[in-house]
Amino acid sequence: MADDTLNDVLIDRLRSFLSKPNENLDGIRSAAARLHSRCASQDKATRERTLERVWRRHDGAIPLVLSLLESVRDQVTCCSLAGILHECVSPRAGTSGKKKAQNHAVKYRSPALSQLTSLNATQLIIKLLMQLSGKESQISDMLLYELVWIIAQLSQKDSKFSVKVRLMGSARTFHNILRLHYNNPKLLYPLLIVFKSLSRNVTTSTVLVKDGIVSTMEKVIVSIGYSPSPKLRLSLNVMHSLTRSKLCCTKMAKEDFVPLLLRIFERWERYNGKMRLRILTYTIITLKHLSNTKIGRKAIKSSNGLNLLYKFCVLCPNDRTYDSLLPRVASIIGTCMDKKVLPIDTTGPVLFSLPVLKTENSDTSDNTTGSGMRTSSSRETTPSADGSVAESFDNNDDDDDDASDKTQESDAGHGPYAIPPPILRDMDDLCQYAAFFQENVVTSNQEARTFEEKCIPRAKSYQEFGSHGCDSLGEHRDYWLINDRDGLRSDSYLGSCHLQHQEPSNDENSFWQKEVERRLNNYMRTVRSHSSCSCYDVYKREMTWKASSDPAMNSNLQNSLHMMGLTILSDIPKHSSVHYAYCAIASKVNTVYPVVKVAYPDMVGGDGSGQLYPLHIKDRKVCRAKLMTSVERAVHPHLLLDRVVYDLDGLIQQDAIAKGNDSGEKHLYNIDERRVGHRDLLKHHLLFESRFESGNLRKVVQIGLHEYELILLPDVNSVKHHQWFYFEVSNMEANVTYTFNIVNCEKQNSQFNYGMKPIMYSVIEAKEGRPGWVRAGSDICYYRNNYQNLHGRSRSWYLTTSFSMTFPHDNDVCYIAYHFPYPYSLLMTQIWKWSLSVDPSLIYFRTDCLCYSLNNNETPLLTITSPDMESNRIKDREVVFLTARVHPGESNASWVMHGTIQYLLSNAPAAIMVRNKFVFKIVPMLNMEGVINGCHRCGLSDEDLNRRWSRPNQYLHPVIYHSKGLIEYCARIMNKTPFMFCDYHGHSRRKNVFLYGCCNAGSWNQVDRSNSDDPVDYLMLPYLMQHFSKAFNLQACNFRVERMREATARVTIWREFGVKRSYTMESSFCGCDQGFYQGYHLDTIHLKEIGANFCEAMACLKDEGGWKADITPEEAARLAGLTSKEQLDESPPMSEISDNSDFSSDEDFH
Ligand SMILES: [Zn+2]
């Protein structure tokens, strides 16, 4: 108690002097000194009680001490005052009961620091330091010590510290203090803490570097010595931040700092525990920064750095905590070694000549000043004659239509920003699309015939399809049976609409839950009524009867028999085998690269084996070993075997010579079944081939007895986008482990590091009755290699996808791919099969050729609905647009689409329901040119077509242009806003299946945010999907409208045509980390199931219940997983995201 009274008296006395401090110096001096000594007392109780008193915010002791410190001009008094603050922000732990004292300190320290920060103590003390350490004055060491300690503590708390110091012009003051006192062991520690904070800001760092901080730091480190200490750790921390500036690296190299750094690095084994790891981390990052400059590399090499780094790799402890260091060291070695480039030409082996556009274009809709939305869209540079390519590679290129965190920051708009008005097509021009909506208008035979002339008779009767064994419902049944057999699923087919009862976690969940359940109950009632046999028969009879009695419908029925408008399917005899049909179709496909065969798996349907494969568990030892091998090879390149075993560029040249003037028709086929079992005795290595649709191998070099380096083709007319792969191997021995290194990958990370396995197809296995792609491979890892990417940012490197494979049979023919291929010919063969299987009395199914692609292939457009009925006219039904495969590497999108189409054409009750409600317009392959030619991301014009929807060019992006035209026709000519739009994609970085949608509350644009929309519109589908699909993850859904995605299909269709339900559906290349399939890969069967689930969810979507979600836009935003408005507003201002708003010309391809 006595303590408290004394403390109160001292503080009151100090307060009484506040108005005229310099007239009461003696009083202040003694009171401050007594208070200070109590704060720093050896007696724990006194110390803690005094500090508690000073800390108490409402007593205002801290502001009092601070303002006295500001006004008193006496160094001794200042010293006591500063001492009090020092004890407040950095209380001494005392000798006994250290832990308890620390807790005490931790409890009060942070509020004290916040108090000081809010009182602008940082600025005040910096000012004081500047005054006192100026030329005229002489600051006492003691006062300096106290002030530096306070500022050191503040600097760690104050995120703007570095900026404040720079703006106050005091960076040099601090540097000066360090220069004068680096030998003072007491002062050095807090000074280094200050510099740790200062160097975090790049601009402040630059000021310091220009002021000569590098040589000061060198002196600091020399004075500290190499033994591990917090000071050494802090110094290295400062250096790792400073070296982010190239200037700093240059100075370090020039001032001979590098040998010093390497001496510290060399001693790493002598350090222990956490200190070792930290010292190593900072040193290695500093070396990494140095290796990014030419002079830095030279300095590392000339100081024996490479040997030391290599030694580290060899001796690096086999401990998980070092796993992040090894790749860094490996990459420094790789960077310092002589430039190693891929053994290929810098340009692709074949270029595709794009149509030359006129510069001025009278048709506004072809306006090519369209928004690529990214500056990089002008990167579409065909390599110039000398092989050089404009700087274009963007490592951060977001490969998926992913509203991931990376992009969020650049999206929120500040202030209104005018979105350019959509360029509307001319009405007359739009009328050309009437032909694709003839199901609405064809009522007389004459009109029907006009259209008929363009079309080729195709569809066959229901009876005939049975003999082809491609009953879609039957196929569905099979797949449920497979699941049943594996014991994965015991509920029946109908059970797939079974509710996955989840406990609602809170009110808002149960709010949705209730509505979802209500819809599902309605749905189940309808489903039951359809599925009970008699009802279904009645329905079928009614339909057939209606068809024969209703003339309008009759003519429709006739039409649906004659509307297979795809030339490529025109001469496939209906009784052909699927193999024959596939080869006949594939032979007619125009390719950019030469094609010599059809791939066996595609010819036989391309499905997976239908099994669940667990995700791969990464073996860190194997990955380390592979990384080490890569380092060894960089250091000793001559040890490698170097035999080229496949070379597409050479084959294309030979082909061109051999062909000469013979450019007759292709006849593609597959004789793999006859090839198996035969060995090429002259070749003691694997044989490779990828000259088939979607194949993309460019070169293979054998580098070891059973090890191969594979180089992939870039996208057509591009020098990049290597990720997708598909090739054939043969001439193998069974039970030998072969290693495949795909060495020109570009993405910084891959699902191959997170459980994904590549897939493999064995022809012998298929012949023996076990067909299907399987997940295969072991020792899978993905890491940076030593090949420099000449097209990348300055000095970037390729990455390796490495996996080993053991084949089941000798002399087999096997195919290996990134994901289940789904080539164009497979789609066309499927359409042919579907067209034969559909009963036109039950299903209106029509295929049209929407347009021709750049290389003159047909774009199929499918129309699926129920036949016209008097009680339910087609023209009165809502229209749903579905698209897929704008990104050719995302073959999973095609499998999901396959599932959707197959389901829509089935007799499943939900299929009947959705056909009755909707007219489906489906463009299943938006980028068939990319698919055909084995591209990963782009079409023939080296553009991401999903960034072209806002301003598609009729000649360069015909499929996008006309797909959008269809939607515009529907919205403006038919005056019917499409009910839904969904574009199917695949996701390479995330697991599960999820949807991206659009809502006003989540828009980057302020004008959008001021408009409200009904969350039921965009949230209902994801909620329903969560119930129907076992792979779906509601939590991963996102409804942001990002500025940089304005030109994507999803945002364009939402914005320009007011389609409220405009989605991107993403499914993982890999598998699931939640839900029913947690821990497993997705197979084609699961992907198709997702497509079917989508239709089931749609069956519940259109509901006339008039249910409204009674929630505010803010709540809606929260439900939609959006950040709060504040967070949106905190994003960087427009100026920092200018590169996302490119409206420049896209015409510079030529
Ligand atoms: Zn995509």
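All ligand and atom numbering here is 1-based and tracks the order in the structure. Quantities reported herein were computed from a predicted structural model and do not represent experimental measurements.
- A side-chain donor-acceptor contact under 3.5 Å links S894 and R885.
- Between the Zn ion (ligand 1) and the N, O or S atoms of H887, the shortest distance is to ND1.
- Under the 3.5 Å distance criterion, with hydrogens and angles disregarded, a donor-acceptor pair is assigned to the side chains of H957 and E943.
- For E1066, every N, O or S atom stays at 2.8 Å or more from the Zn ion (ligand 1).
- Ring planes of F994 and H987: tilted class, angle from 30 to 60°.
- Rounded to 10°, the angle formed at the Zn ion (ligand 1) by ND1 of H985 and OE2 of E890 is 150°.
- For the residue pair D602 and Y726, a side-chain donor N or O sits within less than 3.5 Å of a side-chain acceptor on the partner.
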